[in-house]
2 protein chains.
Amino acid sequence: MTRTDEKVRYLPEGKRASYTARSAAQSVQNVLRVLEGRWKLVILFQLFGGQVRRFSDLERAIPGISQKMLIQQLRQLENDGVVARIVHHQVPPKVEYHLTEWGQSLCPALDALLIWAEGAPADVRSQLIQEGQEDAAQKPEADAT
Amino acid sequence: MTRTDEKVRYLPEGKRASYTARSAAQSVQNVLRVLEGRWKLVILFQLFGGQVRRFSDLERAIPGISQKMLIQQLRQLENDGVVARIVHHQVPPKVEYHLTEWGQSLCPALDALLIWAEGAPADVRSQLIQEGQEDAAQKPEADAT
DNA sequence: CGGAATCCAAATTGATACTG
DNA sequence: CAGTATCAATTTGGATTCCG
């Protein structure tokens, strides 16, 4: 469900940047800053798989989020090149959001984090992983494989 | 220097946890919470590669950190099972820190994030990646005992 | 509908001083 | 040396209201 890596080839592999302990830490922090924020991951996972959703869709799909936070987090993600925005100039305004290609390619990296989490010692693991229960009133969307 | 994945086989592969869009987002956030914090990654990268360092070493190696923050971040990492602590009961107290096996296995996951960052559009990328310069023009060690 | 602006509460971080 | 404790500053998230 969260697999898009099969078709995402965003860059030719080969050369890697070089890091020192410090620069690597710094860079990872910069990356985390992109992902940090109370709602960004929830938004991201709503958009993975090439989904396109409008503002009000997201608002509805993410219970508990306020408009301010939704727009704020979207703007930041947009600014960071993860999310793209399409404005349809209509009488009832319509704005759609979707992931950029680079944004889509985040999936495998997040997957690596999940895999790491799954290897945690039992006590920690249970605090980390929320297995996907079928809770009613949920909808089984979000699939592109 | 940030490669340890060659020898780290922390779990037999095969089974994966199952996630919904929501539970995956939640789990990734939990993971990020482990890594969040102004100094955690800096500490982590000081400890990668099986390094063992004592409190004062870390304090010295991380310019700008206060004792409070160092101990706080270490405690949280310890609590999350990423860092382990060895207390030597000596007259001048000596406490050493190192990564747990699971902590070491974080390396490839962080690497995945770095690789993702390297694939960012040029303008974003430059804000994300700090290539590892020889920090000669950097603050060398303005510290006096 | 989509979004900007304001005000406010809570969580993080930092500076500083003190202790076993 | 390795922490604790306290307080102030900054950052962050959230509720509400108004606008094109």
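These values consider heavy atoms only, across backbone and side chains, with no hydrogens, waters or symmetry-generated copies. This one's a predicted model, so the numbers in the text were calculated from it and none came from an experiment.
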Problem set entry | Residue closer to the 5' end of DNA chain D, B/D57 versus B/K68 (nearest nucleotide) | B/D57
For this session: Send over the distance from B/M69 CE to D/dA9 C1', rounded to a whole Å.
Result: 13 Å
For this session: Evaluate side-chain contact (heavy atoms from CB on, under 4.5 Å) for A/V34 paired with B/V124, printing each intermediate quantity in order.
Result: CA-CA 10 Å; A/V34 175; B/V124 177; 5.9 Å; no
Exercise. Within the structure shown, what part of the strands sits under 4.0 Å from B/K94 by heavy-atom distance: base, sugar-phosphate, or nothing?
Worked result: sugar-phosphate
Exercise. OP1 or OP2 of C/dT13 sitting under 4.0 Å from any side-chain N/O of B/W39?
Worked result: no
Exercise. Rounded to whole angstroms, how far apart are CD on B/E36 and C1' on C/dT13?
Worked result: 14 Å
For this session: Tell me yes or no: between the side chains of A/N30 and A/Q26, is some donor less than 3.5 Å from an acceptor?
Result: yes
Problem set entry | Value in whole Å for how far the P atom of D/dA15 lies from CD1 of A/I71 | 17 Å
Exercise. Once you round it to whole Å, what is the distance between C1' of C/dA5 and CG of A/L70?
Worked result: 17 Å
Exercise. In whole Å, what is the span from the CZ atom of A/F55 to the C1' atom of D/dG20?
Worked result: 15 Å
For this session: Would you tell me if any nitrogen or oxygen in the side chain of B/R38 comes within less than 4.0 Å of OP1 or OP2 on C/dG14?
Result: yes
Exercise. Between C/dG2 atom C1' and A/L58 atom CG, what is the distance in whole Å?
Worked result: 12 Å
Exercise. A/R54 side chain N/O closer than 4.0 Å to the phosphate oxygens (OP1, OP2) of C/dC1?
Worked result: no
Exercise. Which part of the nucleic acid, if any, lies within contact of B/S56, taking any heavy atom under 4.0 Å across all strands shown: a base, the sugar-phosphate backbone alone, or nothing?
Worked result: sugar-phosphate
Exercise. How many Å lie between CD1 on A/I43 and P on D/dG13, as a whole number?
Worked result: 11 Å
Exercise. How close or far is atom P of D/dT6 from atom CD of B/Q72, stated in whole angstroms?
Worked result: 15 Å
Problem set entry | Phosphate OP1/OP2 of D/dT4 contacted by B/R75 side-chain N/O (<4.0 Å) | yes
Exercise. Shared ILVMFWY cluster between A/V52 and A/V87, side chains joined below 4.5 angstrom?
Worked result: no
Exercise. So, is B/R60 close to the D/dC1 phosphate, meaning a side-chain N or O under 4.0 Å from OP1 or OP2?
Worked result: no
Exercise. Do the side-chain N or O atoms of B/Y97 get closer than 4.0 angstrom to the phosphate oxygens (OP1, OP2) of D/dC1?
Worked result: no
For this session: Report the C-alpha separation of A/E131 and A/R125 in whole Å, then their side-chain angles, then the decisive distance to 0.1 Å, and conclude whether the salt bridge (charged side-chain N to carboxylate O under 4.0 Å, His left out) test is met.
Result: CA-CA 11 Å; A/E131 295 257 358; A/R125 191 194 134 104; 3.7 Å; yes
Problem set entry | Side-chain (A/Q104) to main-chain (A/F48) donor-acceptor, under 3.5 angstrom | no
For this session: Report yes if a side-chain nitrogen or oxygen of A/Q67 is closer than 4.0 Å to either non-bridging phosphate oxygen (OP1 or OP2) of C/dG2; otherwise report no.
Result: no
Exercise. Within the structure shown, what part of the strands sits under 4.0 Å from B/Q90 by heavy-atom distance: base, sugar-phosphate, or nothing?
Worked result: nothing
